Structure formats: structure tokens, C-alpha cells
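Predicted model, so just to flag it, every value in this text is computed and none were measured. In what follows, every heavy atom counts, from backbone to side chain, and hydrogens, waters and symmetry copies are set aside. FYI, the numbering just counts along the sequence from 1.
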Amino acid sequence: MKKSRIAYSALALATVLGLTACGAGTDGAGSAAGPTRDVSDGLTINGELIADAALMEAAAGGTVVMYTGASPESEQAVLDQFTAETGIAAEMTRMAPNKLSERVISENAVDKLSAEIIRTADKMMAEEFVEQGVFVPYETPFQQNLASVDGIVQEGNGYITHAYGTYGIAYNTQLVDPADAPGSWAELADGTWKNKFGLVYAGSGGGNTSLAAFQIRNFGEDYLADLDALEPRIFDSMSTQLDALARGEIEVTQVSFQGAFASKLAGAPIEVIVPDEGLNGVAYGMGITPAGLENPAAQVFYNWTMSQAGQALLAEQSYAPARTDLGIESEGADEMQVYEGPDSTDLGLAAVDAWKRIFSYAG
């Protein structure tokens, strides 16, 4: 584990989570006036070439097929914006991260993998996809820009980090007064929320695995024991966790800000908190499959995601974009701890083992 090379303002992230749909319409990408779009010679957005004329002509009328383990509401907003800016249709299949891996591996084994783009926060999963040929190398028109930023290009260009997700605390605003909500990781585990707290199994995917590792590293395994003493409800996925929070079945939880953002936009009575001790972060990976390499529409999507327009939309949804040339860095802010690099796999495995032992979880 290492401190991220990027410092993000906790205040800025909290402000982003307060945005409503008015800031994320289909005619804009982080700007009220919308992006500058030029289709006279391919597709250029905000002065950045996303696809040349030949690629756009080949992609016309095509459809992108994406598998993802991220928030379905957030990902659908991305696809909607992509279609609005490019005119290319997109389809999504969302699965819990562990189910995503099972399906991709099984479909690939019999040469029936239909996904063209796959997105996951599980580094071990992404590395396995590279090894098995699920992910294949691909270069965007601005590959030199991506390669110049530490942490984007992964596994010999086998896949990329397209964004960083953040994990903090969320509560139900109909049941918890803001003045009483836990403002820190310590307050979350102080006993106040016994029988009112829920969390997702640490082995369900990369984000929850990294959160467990973050908590163990910063507060020790005793912290997980304190959470266990709350007699929490344990969920197998973030979507069911957020549904339970919105319905009031639990009052407080630890959650990805991206999932909370999407739930808030859908009208859920949820508010998020940046804990005093800092944020946990996880790198979200994206790869293109052999089917995607043959589909010009998938190539345009890959390019667009890593363009300034696509990265700005991710920032609107409370992700920390992988590209650092968008002016969203905040000097002097506490650093987000991101689990990445060669040590992250061992840390994740150890964290899941500890989590299962402490919570007596056999799943």
C-alpha cells in the first residue's frame, strides 16, 4: 500500500456528492454550457481528438457491450452521456464483482464472451483477465498523455486505470440527525450504531477488499472487531446494501461515494460523510476484449472514457479521474490512500482472511 500520488480535497468530494441531476445532463460534461463538439473530421470534444473520421464512420450504427461491477446507476449515466456525445448506442450488464469474474471466465473459456468493454475495481481479477486473454492491448489517440501519468497504464498496456473510487460513511437522513451522524471511522465503531449498521462482505470485490485493508492498516484488526460488535447486517453487494439504507433497514453504513451519489440522484434519503481520518480509495480498471478490438464502437467508448470529456463526467459522479490534467487537484488536502501496485494483491488476500475470521463469515 502506498499513499496516492494524487491529493484530493475531501471538501471537493463532499461538494460533488451534493450535486443534483442538473449538473449531469446529456448535453454537458461537467460544464453548464456543455462540451465543444466538432464532427467535421471525426470526433473532437473540447479540442481533443477522440476518434478520427475513419473510426467514427466505422462505428456509426454500432453498439458497445459493457460488463461492469460498478454502480449500475452511475454506469448507466456514463453510457447515456457517451451516447449523447457520440451518437453510438451502448448496453450494460452489471454484476456483483465476484459474479462478474465467474461469468467472464466461463464465457471466455467457450469462446462466447460477448462483452467488449469490462470494468472492475478488483486488481486480481483484472490481472487474471490479462493472463487469460480476456483483456488485449489497445492504444488511444492520446496514449502518450496516459502513459505520462503514473498508475494509468497497467500490465504492459493490458488494461488501464480509468478512475479512482472512494469509500467513506453514509447515513439515512430520515432516521439520523446530521448532528448525530458519525463524523469519523472511530465514531462509526464506538458502539452507538449497534443493530443499526450494515456493511458488505470484504471479499465481494476490489472496493470492499481495499476498504478492509485500509481499516486494518490504519486502525488494526481490533477495529474490525469493534464493527463486528455492532452486530451488523452483512450484504453480498453494494446495491442491496444501499437499498437497505434507503429503506431504513439500517441507519448507517460504509459505502462507495459513487454508489451513494447514484442513489441520491435516484431520490434515496442518503447523505455521505468524509471521515476525519481520511478516505479509502480503489483503482477502477477498464479493459477491451478481442470482441471489442473488432468493434469500432467499443474503441470509441474506450477513447472517450479516457478523454477530457469522459474523465470530467466521472469527476461529476464523485470518482477521482485517473488523468491529472483536468484541474481538479487540491493543494494541501489530505491524501486519499489508494491500494495499488505490486503489494495490493497480498494485502487484499490477507484483509479478506482477517475479515472472514473476525466476522465469523463463511460466505
Side-chain angles (χ1 to χ4, degrees), residues 1-17 70 97 120-127 149-152 154 161-170 182-189 199-200 202-224 226-227 238 253-261 272-285 314-315 317-324 328-355 358:
M1 200 284 299
K2 65 178 181 180
K3 287 277 190 175
S4 171
R5 59 185 167 54
I6 308 170
Y8 295 99
S9 166
L11 176 61
L13 287 171
T15 301
V16 168
L17 285 163
T120 176
D122 192 314
K123 181 177 178 63
M124 290 181 285
M125 185 189 305
E127 290 176 345
V149 178
D150 181 39
I152 290 185
Q154 304 286 337
T161 295
H162 68 281
Y164 294 92
T166 50
Y167 281 71
I169 299 169
S184 67
W185 294 111
E187 290 179 4
L188 179 65
L199 75 172
V200 179
S204 67
N208 289 292
T209 299
S210 73
L211 178 57
F214 166 87
Q215 291 172 335
I216 291 172
R217 179 186 184 277
N218 286 277
F219 317 122
E221 290 188 8
D222 287 346
Y223 182 81
L224 296 187
D226 290 340
L227 293 181
M238 181 184 66
T253 192
Q254 51 188 35
V255 70
S256 84
F257 283 0
Q258 296 70 52
F261 173 81
V272 298
I273 295 169
V274 177
D276 292 341
E277 305 93 335
L279 293 163
N280 169 61
V282 62
Y284 277 78
L314 290 170
Q317 296 180 329
S318 80
Y319 288 93
R323 290 184 62 173
T324 57
I328 63 170
E329 295 182 87
S330 300
E331 295 182 6
D334 290 337
E335 290 188 337
M336 178 176 65
Q337 293 186 23
V338 179
Y339 284 80
E340 56 186 348
D343 59 346
S344 61
T345 297
D346 290 341
L347 283 168
L349 292 171
V352 172
D353 287 343
W355 197 100
I358 292 168

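Of all the heavy atoms in A121 and G207, the pair that sits closest is CB-N, 4.0 Å. Across all non-hydrogen atoms, the minimal contact from A202 to A212 is CB-CB, 3.9 Å. Residue L314 comes nearest to A163 through the heavy atom pair CD1-CB, 4.0 Å, listed as atom of the first residue, atom of the second, then distance. The two residues D122 and T120 have their closest heavy-atom pair at N-OG1, 3.0 Å. The two residues I273 and P182 have their closest heavy-atom pair at CD1-O, 3.0 Å. For the pair A354 and I216, the tightest heavy-atom approach, listed with the atom from each and the gap, is CB-CD1, 3.9 Å.
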| message | Run the side-chain hydrogen bond (donor to acceptor under 3.5 Å, both in side chains) test on Q337 and N218 for me, step by step, so that the C-alpha distance in whole Å, both residues' side-chain angles and the decisive distance to 0.1 Å come before the verdict. | response | CA-CA 10 Å; Q337 293 186 23; N218 286 277; 3.1 Å; yes
| request: Take F214 and Y167, measure what ring-ring contact (aromatic ring centres under 6.0 Å, His included) needs, and give me the verdict at the end. | output: CA-CA 10 Å; F214 166 87; Y167 281 71; 9.7 Å; no
| Audit row: E187, I169, side-chain contact (heavy atoms from CB on, under 4.5 Å) steps and yes/no | CA-CA 10 Å; E187 290 179 4; I169 299 169; over 6 Å; no
| said: V149 vs R323, test: side-chain contact (heavy atoms from CB on, under 4.5 Å). Steps then yes/no. | reply: CA-CA 7 Å; V149 178; R323 290 184 62 173; 5.6 Å; no
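Atoms OG and CG, from S256 and N208 in turn, are 8.0 Å apart once rounded to the nearest 0.5 Å. Annotation: the span from L227 atom CG to D222 atom CG amounts to 11.0 Å, rounded to 0.5 Å. Atom CG of residue L188 and atom OG1 of residue T253 lie 8.0 Å apart, to the nearest 0.5 angstrom. Atom CD of Q215 and atom CG of D226 lie 11.0 Å apart (nearest 0.5 Å).
Looking at T166 and Q258, their side chains come closer than 4.5 Å, going by heavy atoms from C-beta outward. Contact check for L199 versus W355: side-chain heavy atoms found under the 4.5 Å cut-off. The side-chain heavy atoms of F257 and L279, taken from C-beta on, include a pair separated by under 4.5 Å. The shortest side-chain heavy-atom distance between M238 and V255 falls under the 4.5 Å cut-off.
Panel note: side chain E277, backbone A186; a donor-acceptor pair is recorded below 3.5 Å.
Side-chain contact annotation: N280 with S210, donor-acceptor N/O pair under 3.5 Å present.
Ring geometry for Y223 against W185 counts as perpendicular: the plane angle is over 60°, on a 0 to 90° scale with 30° as the lower cut.
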